[in-house]
K.L.:
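Before anything else, here's the structure in question.
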Amino acid sequence: MTRPGRPVGELLRDWRRTRGMSQLDLSIEVGVSTRHLSFVETGRSRPSPELILRLAEQLDVPLAERNIVLLAGGYAPAYPRHELNDPELAPVRAAVRQILDGHSPYPAVLVDQHWQLVEANPAVAVFTAGAEPHLLTPPINVLRLSLHPDGMAPRIRNLPEWRAHLLKRLRQQAATTNDPTLYELHEELRGYPGGDDAAPVSDDAVSRVVIPLRYRHGDQELSFVSTTTLFGTPLDVTVAGLAVEAFFPADPATTATLQALAKPSAGTG
């Protein structure tokens, strides 16, 4: 884990080891000698801010962690962290709103780097209906809402499969970012019931291509495939952590149901 106050060389060495790169491999990619890189990691040489950023870029260090490494080296952070409602992020807010609104009547949410809900379109109500209030009180964590027995879990028909998918994705994200909050969330979610009594997964065309979310809504079973949208080349810490999770109908019956649910609100607003 990266922690403020540790020497810059130790932080860079830890990220290199996390990425499974040797000093030789990294030095070739960045264009410095192995000797110099070794001196940086052991504290015998102080890296310039330009070298820190080149190394961090090659190691795919998250923007927030790059700021920590720069601070450890005695330099100012390079990446700002704006609030989503700041004027600087107005184009980001507009893009997100367009995606969420344009995706209706199908569910879509905007989450931050810790899977906290930032925004959602009205169609998400199909998932939140029936969840206990304590899971819907901000800050709402969408993974906790999904897998908690008081949340969506009792209505997910293929819960063991969907749970395994979410836990694997979260574990990979935690390993990639070295984020202790994600590791803690992963441990929490692992402790939830696995849903062994869920209905067997259907062997249909969708299930042979992607893992669908099969969700019980009343006396119907809805089937979804999901996509994740990230902002390309972000230079702001907040923007780098944002993701839009969008759910698409996986069969005509789900399409018809969601369109029918949206009809009462059509033409309002």
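Just so it is clear, the model here is predicted, and its values are computed rather than measured.
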K.L.:
Please give me the minimum heavy-atom distance between Arg19 and Pro62, naming the atom from each residue.
P.N.:
NH2-CD, 4.3 Å
K.L.:
Considering residues at least two apart in sequence or located in another chain, which fulfil the side-chain hydrogen bond (donor to acceptor under 3.5 Å, both in side chains) criterion with Glu132?
P.N.:
none
K.L.:
Between Arg169 and Glu245, is there a side-chain N and carboxylate O pair less than 4.0 Å apart?
P.N.:
yes
K.L.:
Using side chain to side chain contact (heavy atoms under 4.5 Å, CB included) as the criterion, list what pairs up with Thr233, not counting sequence neighbours.
P.N.:
none
K.L.:
Anything under 3.5 Å between a donor and an acceptor, one on a side chain of residues 147-154, the other on a protein residue two or more places apart or in another chain? List them.
P.N.:
{"from": "His148", "atom 1": "ND1", "to": "Asp150", "atom 2": "N", "distance (Å)": "2.9"}
{"from": "Asp150", "atom 1": "OD2", "to": "His134", "atom 2": "NE2", "distance (Å)": "3.1"}

K.L.:
Any pair with a residue in residues 108-128 that passes salt bridge (Lys or Arg N to Asp or Glu O under 4.0 Å), sequence neighbours left out, goes on the list, sorted by first then second residue, please.
P.N.:
Arg97-Glu119
K.L.:
Can you name the nearest heavy-atom pair linking Ser104 to Asn121, along with the distance?
P.N.:
OG-ND2, 3.5 Å
K.L.:
Does any pair with a residue in residues 136-148 pass salt bridge (Lys or Arg N to Asp or Glu O under 4.0 Å), and if so which ones, sequence neighbours excluded?
P.N.:
Arg144-Glu188
K.L.:
For residues 78-92, tabulate all N or O donor-acceptor pairs below 3.5 Å that involve a side-chain atom, not counting sequence neighbours.
P.N.:
{"from": "Tyr79", "atom 1": "OH", "to": "Arg66", "atom 2": "NH1", "distance (Å)": "3.3"}
{"from": "His82", "atom 1": "ND1", "to": "Asp236", "atom 2": "OD2", "distance (Å)": "2.7"}
{"from": "Asp86", "atom 1": "OD2", "to": "Glu83", "atom 2": "N", "distance (Å)": "2.9"}

K.L.:
Restricting to non-hydrogen atoms, name the atom on Leu37 and the atom on Ser27 that form the minimum distance, rounded to 0.1 Å.
P.N.:
CD2-N, 4.0 Å
K.L.:
Once ring pair (Phe, Tyr, Trp, His ring centres under 6.0 Å) is applied, do any residues pair with Trp162, and if so which ones, sequence neighbours excluded?
P.N.:
His165
K.L.:
Can you list every pair that meets salt bridge (Lys or Arg N to Asp or Glu O under 4.0 Å) and has a residue in residues 41-53, with sequence neighbours left out?
P.N.:
Arg16-Glu41
K.L.:
Name all residues meeting the ring pair (Phe, Tyr, Trp, His ring centres under 6.0 Å) criterion together with His36; count only those two or more places apart in sequence or in a different chain, and write none if there are none.
P.N.:
none
K.L.:
If you measure from the Lys or Arg side-chain nitrogens to the Asp or Glu carboxylate oxygens, is any gap between Glu57 and Arg54 under 4.0 Å?
P.N.:
no
K.L.:
Can you name the residues that form a side chain to side chain contact (heavy atoms under 4.5 Å, CB included) with Thr255, not counting sequence neighbours?
P.N.:
Tyr106, Pro249, Gln259
K.L.:
Taking only residues two or more places apart in sequence or in another chain, which ones pass side chain to side chain contact (heavy atoms under 4.5 Å, CB included) with Pro77?
P.N.:
Asn67, Leu71
K.L.:
Test of understanding: with ring pair (Phe, Tyr, Trp, His ring centres under 6.0 Å), list the residues that count as partners of Phe127, not counting sequence neighbours.
P.N.:
Tyr215, Phe224, Phe247
